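Comments concern the structure below.
Note on naming: letters A, B, ... go to the chains in the order of the sequence lines (proteins, then strands), and numbering restarts at 1 for each one. What you are looking at is a predicted structure, and each value in this text was computed from that prediction instead of being measured.
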Amino acid sequence: MTVRTRFAPSPTGYLHIGGVRTALFNWLFARKHGGQFILRIDDTDQQRNVEAALEPILRGFRWLGLHWDEGAEVGGPHGPYYQSAKLPRYQEAVAQLLAAGCAYWDYATPEEFKAEMEAAEREKRPKIYSRRWMAESPAERARFEAEGRVASVRLKMPREGVCRFFDQVRGEMAVEWANEQDIVIQRSDGSVTYNLANVVDDFDMKITHVIRAEEHLSNTPRQIFMIESLGYPRPHYAHVPFVAEPGSKNKLSKRKIGQYLKNPDFKKVYEHGQAIAERLGLTISPETFNPVLVEFYEQVGFVPDAIVNYLLLLGWSWDGSTEFFTREEMIDKFSLERVNKAAASLDVKKLWAFEEHYFAGLDLNEKVRRVMPFLHRAGLSASEDLVRQVVAEAAHRLIVAGDIFNFDDFFLPDDAIRLEPKAKQKHLDAARDVLPRLRQLLASTEPFEAVRLKSQVEALARELGVKPGALSQTLRVAVTGKDVGFDAYAGLAILGRERCLRRFDRVVVL
RNA sequence: GGCCCCGUCGUCUAGAGGCCUAGGACACGGCCCUUUCAAGGCCGCGACACGGGUUCGAAUCCCGUCGGGGUCACCA
């Protein structure tokens, strides 16, 4: 039997990082067993603009390299893969459940049902519907309808016995049927609810392994009841823990960004990304651009493999010490047995560390390829050759592609260089006497290369009885306006004599 | 509140009775290097929730307590 797994996002307009982690486990499991990974869309018919809301999700998966074998846009033999296109099929399943006596027409009004639930809560009883407005015969239905009531369809759950199932992460599970509510499977408007659609889709798409987040654990018994009532084969289950908030065990939520921003680590990464987004001219708000959403990482210029590798280790480990896995290695080593049971908090600082490692591992051409679009989008024109030199010298100072903006002084016109007041005070004002000598050095050093510049500065330093570092800092400020950056001599050499002198003369009034 | 799940350093985790004086990684602190910013090297800080058992021996098994979380929709 071929392994088939699925991920079923709802078109919400963004790709949640916790969802990606669950999807990744599904993807890995399918790949490992030579099976298929299906991307099915849980859209409801009342949603508008499904296409627009789906686009960021599909783009995110493609960007991360988590390709699906069947589903949205790619199609496949078990479609449709959009829930909104399957209403007749679902209603057929509802009819089957009704006919089998496993579901019933219910005529309770929402208020009546709610009153029962509130009473149960008050009396500290399990919230189980009394079936007071249940109708199983045409006569009963007619009677309720004469009162002007409209029916929904509820599952007629067993009231005794135990539901047992095996969970590949949690082991043997057992739940009393008597604690299971008669949930609505078909609304009074004829549309169908999640649990029913889910069961039918998994059957239609021949899903063999249901790997989903822990919050679905409580849906499992009622889904098993439907599966059995409909005569479907039962899939294997694995409930993986959800991804928790930074520094807490609450489920990560896109709505609580304001709260996460109070976490210093989270804030730091967010602000880093924000600065890059501003240079790109993106209009951003924390609601749509933040480290909970995959889009954030794409915009800022992360390496997709870094995110995937980090997510892999969030709730799974191989031997406790191996940190880095290629795609092939993760496919080879992944197993549900080694998935942890407890929720794991999102730690963007650690994700950042993975990014550092992955970006550093890119070869020079690859780094340049990733950095060029950022420069262009920010309106900075630069030859590939210049970019290559800067990227090479910047080395590990580039962690995400957007960090190239830290070295924008190489790509700005010479008259656009701004002198930072603090740097001026510290390195120019305090060194007025040596400025003419430094200018002369720039004008005369031949060839104009880093090693030569270095030895010339060192010679001058000896002559003046100062440290070479002091002179090189002064040169750096005089030419770039800033007192931070990579090796000053390399920077001068990259700019070339002409540009250095032009800048020097603009910045320094002798 | 009912039902269910979970509980090792701040965080992610290793650990399936003796290899544990509890290992690795991120973060953090210090030192070295460097008159920039980093990176790198070295050192350090730091956890088995608690209480009972079982056992020669428990982070590992059992019971209880406490703590945290999920879920109880005509959302998905």
Side-chain angles (χ1 to χ4, degrees), chain A residues 8-12 42-44 46-47 83 106 108-110 113-114 117 120-128 150-154 167 169-170 173-176 178-181 183-195 197-198 213-221 239 241-242 244 246-251 264-265 310 313-324 338 340-354 356 360 394-399 406 423 426-427 466-474 476-477 480 482-488 491:
Chain A
S10 198
T12 51
D42 274 16
D43 57 340
T44 62
Q46 52 265 59
Q47 276 169 310
Q83 213 175 63
D106 181 57
T109 64
F113 182 79
K114 200 171 160 223
M117 293 308 110
E121 169 111 51
R122 266 198 311 280
E123 292 156 31
K124 301 179 181 181
R125 283 186 285 112
K127 292 181 182 172
I128 300 297
V150 282
S152 61
V153 177
R154 286 183 185 277
D167 187 291
V169 171
R170 276 144 223 284
M173 302 291 300
V175 185
E176 300 271 343
N179 290 323
E180 295 298 309
Q181 177 68 295
I183 57 157
V184 168
I185 53 173
Q186 186 179 87
R187 302 185 186 94
S188 44
D189 67 1
S191 67
V192 116
T193 62
Y194 163 77
N195 278 288
N198 190 75
E214 185 189 347
E215 62 258 36
H216 290 286
L217 198 53
S218 55
N219 283 326
T220 309
H239 288 92
F242 50 78
S248 108
K249 291 297 177 200
N250 296 321
K251 191 169 71 169
D265 294 342
Y310 169 75
L313 261 15
L314 200 55
W316 179 87
S317 68
W318 169 241
D319 57 7
S321 58
T322 307
E323 296 281 332
F324 301 109
R338 289 196 64 84
N340 267 319
K341 292 187 177 79
S345 306
L346 178 69
D347 180 353
V348 290
K349 213 57 182 301
K350 186 146 187 174
L351 203 179
W352 186 257
F354 274 89
E356 256 181 281
H396 53 261
R397 272 163 270 240
L398 291 180
I399 294 168
N406 292 336
K426 188 170 172 196
H427 296 287
V466 297
K467 294 273 183 65
L471 297 181
S472 68
Q473 270 302 84
T474 300
R476 180 204 300 284
V477 173
T480 68
K482 299 193 294 195
D483 61 357
V484 296
F486 53 73
D487 181 64

Quiz item: Just by distance, with hydrogens left out, do A/Arg187 and A/Ser191 show a side-chain donor and acceptor under 3.5 Å apart?
Solution: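 Judged by distance alone, the side chains do pair up.
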Does [X] reach the side chain of [Y], with side-chain heavy atoms less than 4.5 Å apart?
X: A/Thr220; Y: A/Asp167; answer: no
X: A/Gln83; Y: A/Asp42; answer: yes
X: A/Tyr310; Y: A/Val348; answer: no

Can you check the [X] [atom1] to [N] [atom2] distance for me, whole Å?
X: A/Leu313; N: B/rU13; atom1: CG; atom2: C1'; value: 8 Å
X: A/Asn250; N: B/rG68; atom1: CG; atom2: C1'; value: 9 Å
X: A/His239; N: B/rG69; atom1: NE2; atom2: C1'; value: 16 Å
X: A/Leu351; N: B/rA25; atom1: CG; atom2: P; value: 19 Å
X: A/Leu471; N: B/rU36; atom1: CG; atom2: P; value: 13 Å

Quiz item: So which nucleotide does B/rC20 pair with, by the Watson-Crick or G-U wobble rule with both distances under 3.5 Å?
Solution: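 Because no pair has both required distances under 3.5 Å, B/rC20 counts as unpaired.
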Practice problem: Give none if B/rA49 has no partner; otherwise give the nucleotide forming a Watson-Crick or G-U wobble pair with it, both distances under 3.5 Å. | Solution: B/rU65
Which part of the nucleic acid, if any, lies within contact of [X], taking any heavy atom under 4.0 Å across all strands shown: a base, the sugar-phosphate backbone alone, or nothing?
X: A/Glu215; value: sugar-phosphate
X: A/Ala108; value: base
X: A/Arg122; value: nothing
X: A/His216; value: base

Which listed nucleotide ([options]) is nearest to the side chain of [X]?
X: A/Phe242; options: B/rG69, B/rA73, B/rA76; answer: B/rG69
X: A/Arg154; options: B/rC74, B/rA73, B/rA76; answer: B/rC74
X: A/Ala353; options: B/rG70, B/rC26, B/rC74; answer: B/rC26

Given [N], is OP1 or OP2 found less than 4.0 Å from the side-chain N or O atoms of [X]?
X: A/Asn340; N: B/rU13; result: yes
X: A/Ser317; N: B/rA14; result: yes
X: A/Arg125; N: B/rC72; result: no

Practice problem: Using the C1' atom on both, measure B/rG10 against B/rC5 and round to a whole Å. | Solution: 24 Å
Practice problem: Classify the side chain of A/Ser218 and the base of B/rC72 as holding, or not holding, a donor-acceptor pair under 3.5 Å. | Solution: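 Not at all, since no donor on one side and acceptor on the other fall under 3.5 Å apart.
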Close N/O contacts between protein and nucleotides 3-11 of chain B (under 3.5 Å):
unit_1: B/rC5; atom_1: O2'; unit_2: A/Arg170; atom_2: NH1; d: 2.6

Quiz item: For A/Glu121, what residues pass the side-chain hydrogen bond (donor to acceptor under 3.5 Å, both in side chains) criterion, not counting sequence neighbours?
Solution: A/Lys127
Exercise. Quick one: pull up OG1 in A/Thr12 and CG in A/Asp43 and give me the separation to the nearest 0.5 Å.
Key: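 Output value for this atom pair is 12.0 Å.
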Polar-atom pairs under 3.5 Å, protein N or O versus N or O of nucleotides 38-42 of chain B: list them with distances, or write none.
unit_1: B/rA38; atom_1: N3; unit_2: A/His396; atom_2: NE2; d: 2.7
unit_1: B/rA39; atom_1: O4'; unit_2: A/His396; atom_2: NE2; d: 3.0

